[in-house]
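Side chains are part of it too, since the values below use all heavy atoms of this structure and drop only hydrogens, waters and symmetry mates. Both ligands and their constituent atoms are indexed starting at 1 by order of listing. Just so it is clear, the structure is predicted and the values come from calculations on it, not from any experiment. Positions are given from 1 along the sequence.
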Amino acid sequence: MKPLIQKLTETFSPSGYETAIREVIRKEIKPLADEIRVDALGNLIARKGKKTAKGLRIMLAAHMDEIGLMATHIDDNGFIRFTGIGGIRPLALTGSRVRFVNGVPGVISTDRITDLTKAPTLEQCFIDVGAASKKDCPVKVGDVCGFERPFLDLGRRLVAKSMDDRIACAILIEAMRAMKGSPHELYFVFTTQEEVGVRGATTSAFGIDPDLGLAVDVTGTGDTPKGSKMEVGLGKGPAVKVKDAGMLADPRVVQWMIRTAEKAKIPYQREVLEGGSTDARAIQLARGGVPAGCLSIPCRYVHTPSEMVDYEDVQNAVKLLTALLRAPVTL
Ligand code: CO
Ligand code: ZN
């Protein structure tokens with residue numbers, strides 16, 4: 001899976017500008033789907049199979065957008081001020097490199113910081129694309145960029161920008177490849193605009209009207225020095241979400257996931273995330289409500305240009321997702 005993960009994470013597609021990543025994923029899934037369509041918000045929706053007497057209509061969601069920045073002001077000397085697209089951490093910005101959707105690269109620095117004990121604010125940061133003046137600057141107000149950082153293979157641990165949530169895009173693609181003879185009508189949805197408020201999942205869940213929904217997304221960990229008090233750690237298996245800041249996973253879905261993992265002898269962890277949410281929230285609240293849960297990939301340094309996952313967790317997530325979708329579901 002590593003070449004696929006590299007290809008997905010090295011593509012630039014901040015929220016609202018998912019054209020590039022959509023085309024990369026479309027190519028991968030074309031031979032694997034029965035039907036592919038794109039809705040008005042740009043969600044890539046792939047159907048596999050038809051509902052049988054024993055089957056459900058199931059929606060799987062992995063968001064293909066990534067956090068990024070948008071130019072708000074260009075000064076006379078060609079320096080670019082910006083705002084965040086999604087949850088940007090100023091602490092992780094200084095020294096970062098970015099690439100605009102139109103291909104222009106740049107570096108981030110800050111105004112002179114007098115108090116070095118404090119992290120800079122977003123207002124103190126700017127992008128330098130090497131322009132000498134406003135006229136000379138190839139970036140216009142409203143232009144969008146993502147972080148520039150090559151994929152890094154550390155063996156078992158993998159690092160990249162946009163592991164959130166391209167790692168789940170890779171998992172969905174691999175599950176599609178492995179899926180044979182499911183009784184369900186499966187919708188593999190590569191959603192847009194998750195990072196700005198699960199917007200793509202909102203419209204795609206309404207359109208699909210699923211009987212059951214599952215998001216696949218990254219979650220935080222508590223296994224780094226003086227990290228947060230969180231039980232999830234890298235390498236201990238994919239996590240079954242019980243709760244995050246935006247949703248209480250349906251307890252029947254949680255139990256179904258745990259039962260399946262235990263039966264298939266796949267390691268798993270129970271996840272309670274105190275901040276953040278996922279596409280599963282939008283699915284759960286679609287129309288009259290949908291039983292929904294989330295399969296989480298433990299990830300360190302989320303929303304920085306160097307997000308780290310464990311390759312065995314990733315492979316076990318594919319196994320668990322495949323096991324979940326292969327058999328009839330009784331909630
Ligand atoms: Co995110
Ligand atoms: Zn995410």
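One finds no salt bridge joining Glu307 and Lys161 here, because no Lys/Arg side-chain nitrogen approaches an Asp/Glu carboxylate oxygen to under 4.0 Å. Salt-bridge formation is not detected for the pair Arg47/Glu185: no Lys NZ or Arg NE/NH1/NH2 atom is positioned less than 4.0 Å from an Asp or Glu carboxylate oxygen.
Arg166 contributes a side-chain N or O that, together with a main-chain N or O of Leu8, makes up a donor-acceptor pair within less than 3.5 Å. Without hydrogens or angle criteria, Thr192 side chain to Leu41 main chain gives a donor-acceptor distance under 3.5 Å. Remark: side-chain polar atoms of Asn77 are not paired, donor with acceptor, to backbone N or O of Phe79 under 3.5 angstrom.
The shortest heavy-atom contact between Val141 and Ile74 is N-CD1, 3.8 Å.
With the Co ion (ligand 1) at the apex, Glu195 OE1 and Asp164 OD2 define an angle of roughly 150° (rounded to 10 degrees).
For the Zn ion (ligand 2), protein N, O or S atoms closer than 2.8 Å were enumerated as His63 NE2, Asp164 OD1, Asp217 OD1, Asp217 OD2, with waters left out.
Tyr268 and Ile297 end up in the same hydrophobic cluster when Ile, Leu, Val, Met, Phe, Trp and Tyr side chains are linked at under 4.5 Å.
Look at His63 and the Co ion (ligand 1): no N/O/S atom of the residue is under 2.8 Å from the metal.
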